[in-house]
Amino acid sequence: MNFKTIIEPFRIKSVEPIRTTTRAEREAALKEAGYNLFLLKAEDVLIDLLTDSGTGAMSSRQWAGMMLGDESYAGATSFFRFETAVQQITNLKHIIPTHQGRAAERILFGSMLKEGDIVLNNTHFDTTRANVEYRRAEARDIPIAEGRQPQLIHPFKGNIDLDLLDKMLTEAGEKIPLVMITVTNNSGGGQPVSMANIRAAREICNRHGKPLYLDACRFAENAWFIKMREEGYADKTPMEIAQEMFSYVDGCTMSAKKDGLANIGGFLALNDNELAQRCKNMLILTEGFPTYGGLAGYDLEAIAIGLHEALREEYLRYRIRSVAYLGDILTEAGVPIVQPPGGHAIYIDALAMLPHIPQSEYPAWALSLVLYLEGGIRSVEIGSVMFGRQPDGSEKPAAMELVRLAFPRRVYTQSHVDYLAEVLLHVNGMKEQIRGLRLIDAPETLRHFTARLQPAHGALIT
Ligand code: F0G
């Protein structure tokens with residue numbers, strides 16, 4: 001069959017109602033939440049694009065697999081099924097389950113970093129950065145220059161800057177215990193990293209004797225982009241491509257809440273025997289015994305199945321297309337988004353859309369609030385509320401002010417996306433009326449989760 005329509009490659013067996021609210025209800029909810037979408041009640045949200053993390057729909061096969069969960073404290077059968085599933089994809093030696101990605105980060109950095117160290121990454125995600133900084137080390141982002149220009153089209157905007165990588169390893173190698181590459185580059189717009197880039201980073205790390213790690217949360221989506229865009233990969237399966245990606249690294253951290261298609265879980269995987277032992281010791285201290293690592297046996301089953309479902313071609317084709325579909329409508333209407341659309345989300349360029357709001361008044365945050373107020377859509381700011389506070393307490397505007405609309409996996413259908421597009425175009429039509437905000441209360445780290453704000457000019461919309 002050669003029909004062009006790309007359909008959702010599943011049918012729906014169980015449904016969860018979503019609730020429409022009035023604009024007045026949403027206005028009250030926003031006030032109550034201190035103008036922070038993280039503090040809303042989920043039942044007050046119509047379409048929740050806050051994150052693609054842990055919000056996906058599991059398959060009937062995953063639910064069936066959960067009944068096979070072996071809840072033994074040590075040596076559970078579920079662990080070995082999980083280990084085999086991860087090793088088939090990564091071929092890494094030690095597979096250490098964790099309750100989610102940030103636990104893997106904390107354990108890895110806790111075992112490898114000391115004060116004053118530097119970690120290089122194409123772009124650290126917020127928890128990754130915070131976990132590096134918590135060790136009093138520096139998280140330095142070195143994406144290619146194209147990756148910082150939202151409107152520029154480039155097939156692999158997630159790439160790490162290889163010249164800078166080599167230069168920094170030459171100049172400050174003794175302070176750099178590891179290099180990371182995040183696939184896809186979430187904070188940089190969900191943009192993929194090419195195989196050539198990973199391979200070249202491997203060669204550079206080899207020359208400097210440094211280990212290379214993947215932040216592998218969205219490895220399957222990255223593999224699909226390589227298949228679509230990189231020469232020599234069109235005829236390879238996503239599994240073969242993923243295997244090649246992992247063949248270049250010494251280890252990875254993973255949040256199974258993304259391309260593990262699970263609601264919770266993650267892992268740390270690595271080859272170094274001695275380091276693995278130290279990580280397992282730390283795991284026992286705070287997560288659990290190495291054959292469950294903070295998860296139930298049934299979670300390990302769900303992940304083992306999900307990791308492989310995420311590599312299915314018809315799933316990835318639909319997944320990437322459903323995001324691009326929204327991207328096409330917005331681009332057509334002149335709404336500035338990070339181009340080309342990313343793998344798991346559309347990122348609206350709020351600096352370009354709302355040039356009248358200074359960065360000190362958080363334009364992306366303001367836009368995300370208006371999307372909720374007008375249409376009940378929850379998105380997330382990736383801008384100066386998230387990244388503006390420096391470790392020394394000073395303020396520095398973020399490189400970009402983005403609103404991320406993250407697509408939960410296998411959850412929403414095309415009509416939901418059509419509704420989203422309608423709301424976005426409506427908000428685009430009233431953009432001059434949107435006003436900025438100021439922070440009134442915020443913690444020192446990861447402040448976006450709990451900060452409270454206020455409209456800086458009396459109201460959000462004037
Ligand atoms: N690395 C990346 C690139 C991520 O996107 C995330 C989570 C993590 C690590 C941490 O994983 O949540 O399982 O502890 N990102 C989510 C998001 C929260 O909304 O993008 P976790």
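Remember, it's 1-based here, ligands and their atoms both numbered in the order they're listed.
Any N or O atom pair closer than 3.5 Å counts here, and Thr184 shares no such pair with ligand 1. Among the atoms of Ser255, some N or O lies under 3.5 angstrom from an N or O of ligand 1. Annotation: Leu50 places no N or O atom under 3.5 Å from an N or O atom of ligand 1; distance criterion only. Looking at Thr127 next to ligand 1, no N or O pair under 3.5 Å apart turns up. Residue Asp52 has no nitrogen or oxygen atom sitting less than 3.5 Å from a nitrogen or oxygen atom of ligand 1, judged on distance alone.
Counting non-hydrogen atoms of other residues, nucleotides and ligands closer than 6.0 Å to CZ of Arg229 gives a total above 12.
Of the protein's heavy atoms, Glu105 OE2, 3.0 Å lies nearest to atom 9 (C) of ligand 1. Closest to atom 4 (C) of ligand 1, if we only count protein heavy atoms, is Phe125 CD2, 3.5 Å. What sits closest to atom 12 (O) of ligand 1 on the protein, heavy atoms only, is Arg102 NH2, 2.9 Å. Ranking the protein heavy atoms by distance from atom 21 (P) of ligand 1 puts Gln100 NE2, 3.3 Å first. What sits closest to atom 16 (C) of ligand 1 on the protein, heavy atoms only, is Lys258 NZ, 3.3 Å.
Between atom 5 (O) of ligand 1 and the options Thr253, Asn186, Asn121, Asp215, the minimum heavy-atom separation is to Asn186.
Side-chain atoms of Arg102 do not come within 3.5 Å of backbone N or O of Thr128 as any donor-acceptor pair. A donor-acceptor distance shorter than 3.5 angstrom exists from the side chain of Arg135 to the backbone of Leu113, with no hydrogens or angles considered. No donor-acceptor distance shorter than 3.5 angstrom exists from the side chain of Arg81 to the backbone of Ala304, with no hydrogens or angles considered. When atom types are taken as modelled, the side chain of Arg404 and the backbone of Tyr347 share no donor-acceptor pair closer than 3.5 angstrom. A distance-only check finds no donor-acceptor pair linking the side chain of Gln149 to the backbone of Gln151 [under 3.5 Å].
The shortest heavy-atom distance from His344 to ligand 1 is not under 4.0 Å. Residue contacts with ligand 1 leave out Gly266, since none of its heavy atoms falls under 4.0 Å from the ligand.
For the pair Asp48 and Arg378, the salt-bridge criterion is met [side-chain N within less than 4.0 Å of a carboxylate O]. The residues Arg321 and Glu314 are annotated as not salt-bridged, no charged nitrogen and carboxylate oxygen being separated by less than 4.0 angstrom.
The one candidate from Arg317, Arg409, Lys227, Lys258 that meets the salt bridge (charged side-chain N to carboxylate O under 4.0 Å, His left out) condition with Glu221 is Arg409.
Near Thr51, with a cut-off below 4.0 Å to any heavy atom, the atoms of ligand 1 are 16 (C), 17 (C), 19 (O). Taking a cut-off of under 4.0 Å to the non-hydrogen atoms of Thr182, the atoms of ligand 1 that pass are 3 (C). Interface atoms of ligand 1 facing Lys257, defined by a heavy-atom separation under 4.0 Å, are 13 (O). Near Gly101, the atoms of ligand 1 lying under 4.0 angstrom from a non-hydrogen atom of the residue are 11 (O), 13 (O), 14 (O), 21 (P). Atoms of ligand 1 found under 4.0 Å from any heavy atom of Arg218, numbered from 1 in the order shown, are 3 (C), 4 (C), 5 (O), 17 (C), 20 (O).
Across every non-hydrogen atom of Gly342 and Phe225, the tightest pair is C-CZ, 3.9 Å.
If you check the side chains of Gln243 and Asn91, you find no donor sitting under 3.5 Å from an acceptor. A donor-acceptor pair shorter than 3.5 Å cannot be found between the side chains of Asn159 and His154.
Within the 4.0 Å heavy-atom criterion, the part of Arg404 lying near ligand 1 is the side chain and not the backbone.
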